[in-house]
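Structure first, commentary second.
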Amino acid sequence: MKAIARRGDGTLKHDVQMRSHTVVADEPKDEGGDDSGPSPQELLAASLASCTAITIEMYAKRKGWELGDVTVHVEYEPAQRGSPTRFRMVVDFPKELPEEQRERLMQIAAKCPVHRTLEGAVAFDERVELS
């Protein structure tokens with residue numbers, strides 16, 4: 001998997017390319033951006049929310065469970081001095097979904113690839129290239 005960010009017009013706005021898709025990332029106006037897209041940190045929260053939702057849907061489909069509408073809310077608070085990065089996630093299931101299924105789906109939700117990446121060890125291989 002790969003993503004490439006390129007600044008386009010001298011502002012903080014960047015076009016981020018992944019496969020054949022392009023997403024705009026920017027900063028809010030109070031951070032010096034034009035607010036033309038979500039911030040990188042908002043994209044991180046979106047990655048966790050969407051990965052969790054997709055993982056839940058895929059598991060339920062394999063089990064033949066009818067879920068109805070499921071919504072995943074994620075709030076992200078970056079690490080501050082002396083405190084860890086904090087994600088608050090709320091999964092909103094239809095009230096008709098049996099408790100056993102809700103419990104199992106929450107166990108599965110914690111196994112989504114983004115969740116596992118965020119809670120695991122991360123290594124960076126960084127280098128400079130000149131063009």
Side-chain angles (χ1 to χ4, degrees):
M1 286 177 259
K2 159 171 125 168
I4 301 168
R6 285 194 178 91
R7 185 174 76 171
D9 58 8
T11 65
L12 295 178
K13 174 185 169 188
H14 281 70
D15 291 328
V16 184
Q17 295 177 313
M18 299 145 291
R19 294 184 291 127
S20 62
H21 307 284
T22 302
V23 174
V24 171
D26 198 356
E27 290 290 336
K29 290 183 186 262
D30 61 349
E31 295 290 328
D34 291 329
D35 203 19
S36 60
S39 73
Q41 292 183 341
E42 289 168 325
L43 290 170
L44 181 59
S47 291
L48 179 57
S50 59
C51 185
T52 300
I54 290 168
T55 299
I56 288 170
E57 294 284 344
M58 290 172 69
Y59 184 82
K61 187 174 184 178
R62 274 197 312 270
K63 290 291 190 178
W65 296 347
E66 181 56 45
L67 285 184
D69 291 333
V70 175
T71 306
V72 178
H73 307 264
V74 171
E75 291 182 32
Y76 167 50
E77 185 179 316
Q80 301 295 322
R81 199 176 271 166
S83 67
T85 298
R86 188 169 309 280
F87 289 91
R88 290 179 188 84
M89 183 167 51
V90 175
V91 180
D92 185 9
F93 290 119
K95 62 183 173 214
E96 300 81 24
L97 193 66
E99 185 175 349
E100 320 78 65
Q101 289 181 4
R102 288 192 309 260
E103 288 174 7
R104 182 64 182 141
L105 289 169
M106 288 305 291
Q107 291 170 348
I108 294 301
K111 296 179 181 185
C112 91
V114 172
H115 191 285
R116 292 167 78 179
T117 299
L118 291 170
E119 71 181 1
V122 177
F124 292 90
D125 179 12
E126 300 166 335
R127 69 178 188 267
V128 173
E129 292 184 359
L130 304 175
S131 55

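Reckoned from all heavy atoms, side chains included, excluding hydrogens, waters and symmetry mates.
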Nearest atoms (heavy-atom pairs only) where [X] meets [Y]:
X	Y	result
S47	S50	O-OG, 3.3 Å
E57	G68	OE2-O, 4.5 Å
L43	P38	CD2-CG, 3.6 Å

CA sep, side-chain torsions, deciding dist, call: T85, Y76, side-chain contact (heavy atoms from CB on, under 4.5 Å): CA-CA 8 Å; T85 298; Y76 167 50; 3.3 Å; yes
Apart from [X] itself, residues in the same hydrophobic cluster as defined by side-chain heavy atoms under 4.5 Å:
X	answer
I54	M58
I4	none
V128	L130

For F93, ring pair (Phe, Tyr, Trp, His ring centres under 6.0 Å) partners two or more places apart: none
Verify same cluster id: V70, V114 (apolar side-chain graph, 4.5 Å): yes
Listed by chain and number, what are the side-chain contact (heavy atoms from CB on, under 4.5 Å) partners of [X], not counting sequence neighbours?
X	answer
T55	C51, I108, C112, P113
A109	T52, I56
A3	V16, M18

Tell me the salt bridge (Lys or Arg N to Asp or Glu O under 4.0 Å) pairs involving [range], sequence neighbours left out?
range	result
residues 69-94	E77-R88
residues 106-128	R127-E129
residues 21-42	none

Trace of the side-chain contact (heavy atoms from CB on, under 4.5 Å) decision for M106 with V91: CA-CA 8 Å; M106 288 305 291; V91 180; 3.6 Å; yes
Give every donor-acceptor pair under 3.5 Å between a side-chain atom in residues 94-105 and any protein atom, sequence neighbours left out.
{"from": "R102", "atom 1": "NH1", "to": "L97", "atom 2": "O", "distance (Å)": "2.6"}
{"from": "R104", "atom 1": "NE", "to": "Y59", "atom 2": "OH", "distance (Å)": "3.1"}
{"from": "R104", "atom 1": "NH1", "to": "Q107", "atom 2": "OE1", "distance (Å)": "2.9"}

Heavy-atom donor-acceptor pair, H14 side chain to L12 backbone, under 3.5 Å: yes
side-chain contact (heavy atoms from CB on, under 4.5 Å) between L44 and L118, worked out: CA-CA 10 Å; L44 181 59; L118 291 170; 4.0 Å; yes
Inter- and intrachain pairs under ring-ring contact (aromatic ring centres under 6.0 Å, His included), touching residues 102-131, at least two apart: none
Q17 CD: over 12 foreign heavy atoms closer than 6.0 Å: yes
